[in-house]
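Take a look at the structure below.
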Amino acid sequence: MYQKTLAQITEQLQAQFEELDDDLAEELQNSTSVSKADIAHAEQQIGTPFPPFYRALLQHFGTSCWLGIELDDLDQVIENTQWMRQHFANHPIVPQDILQNSIAFAGDGNGNYFLVHDSGVWLPDHDSNECSHEAPSLEQFILNALADNEYE
C-alpha cells in the first residue's frame with residue numbers, strides 16, 4: 001500500500017548518502033528494526049493504534065535512523081506520548097481529539113514532539129503555547145523533511 005512512498009524515501013536517502021563519507025552514511029542509516037509484536041505492545045501501552053504509514057516506516061526503516069528527522073525508539077514514543085497527553089491535557093492549543101489520538105514519534109530538537117494523527121502531523125510548542133499543523137500526512141512530512149534537511 002505504501003510501497004511507492006517507501007521506495008521514494010529510500011531513493012532520496014540513497015542519493016543523499018552517496019555524497020557522504022562512509023562513516024557518516026552508516027551512522028545515519030543505523031536503525032533498530034521493529035517487529036509487529038513490538039508495535040502492538042507500544043500501541044497497547046499508549047492506548048492508540050499507530051497510523052498505517054507510521055507502522056510501515058517502522059517496519060521498513062526501523063527507529064533511530066535518519067529520515068530528514070530521527071524517528072524515536074518505541075520506548076521514547078511511549079514515554080513522550082504519555083508526557084504530551086499529561087502536559088497539554090488542560091491546554092486549549094492542542095485539540096483534545098488530536099492529543100488523545102496521536103503518537104509523539106519524533107522530537108524537534110527543542111524539547112517539543114511531533115504528533116502524528118489521522119489529520120496529519122502537528123507540533124505543539126511548550127514555550128510559545130502554539131500548535132502548528134506541519135503537514136497533511138506523515139508521508140508528506142517525511143518527504144518534506146528529507147528535502148529540507150539534505151546532508152551535503
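- Heavy atoms only, all atoms of each residue included: F50 and E43 are closest at N-OE2, 2.7 Å.
- Here CG of L74 is found 6.0 Å from CG of L58. Values are rounded to the nearest 0.5 Å.
- Ring-plane geometry between Y113 and W83 is classed as perpendicular, the angle between the planes exceeding 60 degrees on a 0 to 90 degree scale with a lower cut at 30.
- Put simply, the side chain of I93 reaches to within 4.5 Å of the side chain of F88, judged on heavy atoms.
- Under the 4.5 Å side-chain contact rule for hydrophobic residues, L99 and L138 do not share a cluster.
- Two residues are said to be in side-chain contact when any heavy atoms from C-beta on lie closer than 4.5 Å; D125 and N110 fail this criterion.
- Here H91 contributes atom NE2 and E130 contributes atom CD; the two are 13.5 Å apart, rounded to the nearest 0.5 Å.
- Side-chain contact between E134 and D108 is absent, with no heavy atoms from C-beta onward closer than 4.5 Å.
- Annotation for S137 and V121: closest pair O-CG2, 4.0 Å, computed over non-hydrogen atoms.
- If you chain together hydrophobic residues whose side chains sit under 4.5 Å apart, F141 and L57 fall into the same group.
- Using a 4.5 Å cut-off between side-chain heavy atoms of Ile, Leu, Val, Met, Phe, Trp and Tyr, with links allowed through other members, F53 and W122 fall into different hydrophobic clusters.
- Atom CG of N80 and atom CG of D73 lie 9.0 Å apart (nearest 0.5 Å).
- Contact between V77 and F105 at its shortest, heavy atoms only, is CG2-CA, 4.2 Å.
- Within a 6.0 Å radius of CD in Q44, no more than 12 heavy atoms belonging to other residues, nucleotides or ligands are found.
- Pairing each heavy atom of T81 with each of S102, the nearest pair is CG2-O, 3.7 Å.
- When all heavy atoms are compared, the tightest approach of P51 to I103 is CD-CG1, 4.1 Å.
- Atom CD of E79 has 12 or fewer heavy atoms from other residues, nucleotides or ligands within 6.0 Å.
- Residues Y54 and I39 are not in side-chain contact: their nearest non-hydrogen atoms beyond the backbone lie 4.5 Å or more apart.
- Using modelled atom types, no side-chain atom of H87 and backbone atom of A89 make a donor-acceptor pair closer than 3.5 Å.
- Proximity of a side-chain donor or acceptor of R85 to a complementary backbone N or O of I46 within less than 3.5 Å is detected.
- Under the 4.5 Å side-chain heavy-atom criterion for grouping Ile, Leu, Val, Met, Phe, Trp and Tyr, I78 is not connected to L115 through any hydrophobic cluster.
- Without hydrogens or angle criteria, T63 side chain to L71 main chain gives no donor-acceptor distance under 3.5 Å.
- Checking side-chain atoms of N112 against main-chain N and O of H126 turns up a donor-acceptor pair under 3.5 Å.
- Other residues, nucleotides and ligands place no more than 12 heavy atoms under 6.0 Å from the NE2 atom of H41.
- M84 and P124 get closest at one heavy-atom pair: CE-CG, 3.5 Å.
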